[in-house]
Amino acid sequence: GAVVSQHPSRVICKSGTSVKIECRSLDFQATTMFWYRQFPKQSLMLMATSNEGSKATYEQGVEKDKFLINHASLTLSTLTVTSAHPEDSSFYICSASVAGASNQPQHFGDGTRLSIL
Amino acid sequence: KNEVEQSPQNLTAQEGEFITINCSYSVGISALHWLQQHPGGGIVSLFMLSSGKKKHGRLIATINIQEKHSSLHITASHPRDSAVYICAVTGSGSRLTFGEGTQLTVNP
């Protein structure tokens with residue numbers, strides 16, 4: 001089945017550090033990938049839609065200069081949390097669906113737990 | 001009112017019990033998804049359906065388009081079924097709108 005690999009699974013770093021999270025589709029091509037954020041005991045919140053070869057579409061309230069998204073190929077999207085602060089600590093997870101196919105299930109990465117000290 | 005509502009929020013069952021989780025939505029959809037999130041955070045897509053019923057092992061998902069309602073059933077529940085079950089819908093694109101999730105705990 002379709003597999004999405006997300007890396008790293010856990011990051012602990014100091015305030016002010018920039019952190020890059022990778023989301024890779026291993027055995028399929030994904031024109032579109034989605035980035036979510038999840039706080040404890042809450043539902044997933046869509047941050048942005050990552051489109052291969054074009055700018056990401058950010059949800060209202062999500063700072064595009066804070067959360068940089070790059071989708072340079074059909075199998076890789078990256079989310080960079082720039083100058084991270086403790087309030088950025090959260091669980092980040094990506095998903096992707098097969099390019100060019102309508103009504104396909106979403107395939108999720110395993111998530112990245114980010115802790116900013 | 002959320003576009004996707006799930007019930008119950010929390011559910012505790014004994015091993016072997018039949019479990020039902022409900023999902024209602026208020027928007028037009030192209031598909032409804034049932035997802036399972038384990039304590040570590042990883043999410044698995046269980047079902048995607050736009051009509052009728054699907055079965056996979058001990059899991060059954062049904063949807064009634066006219067009533068805008070879906071149910072996820074687990075037969076012969078087991079402690080390893082303990083997880084958060086999330087209902088989500090897609091409209092014309094791939095974007096998911098999520099319910100709040102149901103925390104299921106199955107005790108041995």
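Below, read A as the first sequence line, B as the second, and so on, with proteins coming before strands; counting in each chain starts at 1.
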- Message: Grouping I, L, V, M, F, W and Y whenever their side-chain heavy atoms are under 4.5 Å apart, do L35(B) and L59(B) come out in a common cluster?
- Response: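 Cluster IDs for L35(B) and L59(B) differ.
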- Message: Quick check: is I74(B) connected to L46(B) through a chain of hydrophobic side chains (ILVMFWY, heavy atoms under 4.5 Å apart)?
- Response: yes
- Message: Quick check on Q38(A) against chain B: is it the side chain, the backbone, both or neither that has a heavy atom closer than 4.5 Å?
- Response: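 Side chain only.
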Can you confirm whether [X] is buried at [atom1], in the sense that more than 12 heavy atoms of other residues, nucleotides or ligands lie under 6.0 Å from that atom?
X      : atom1 : result
H69(B) : NE2   : yes
Q14(B) : CD    : yes
K66(A) : NZ    : yes
E87(A) : CD    : yes

- Message: What part of Q37(B) gets within 4.5 angstrom of chain A, counting heavy atoms only: side chain, backbone, both, or neither?
- Response: side chain
- Message: Please give me the minimum heavy-atom distance between F108(A) and L96(B), naming the atom from each residue.
- Response: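 So the minimum-distance heavy-atom pair works out to CZ-CD1, 3.8 Å.
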- Which atom of S45(B) lies closest to which atom of Q106(A), heavy atoms considered: CB-O, 3.6 Å
- Message: If I take atom CD1 from residue I86(B) and atom CG from residue L44(A), how far apart are they, to the nearest 0.5 angstrom?
- Response: 5.0 Å
- Partner of R95(B) by side chain to side chain contact (heavy atoms under 4.5 Å, CB included), out of T49(A), T32(A), L46(A): L46(A)
- Determine yes or no for a side-chain-to-main-chain donor-acceptor pair under 3.5 angstrom, with S43(A) supplying the side chain and G99(B) the backbone. yes
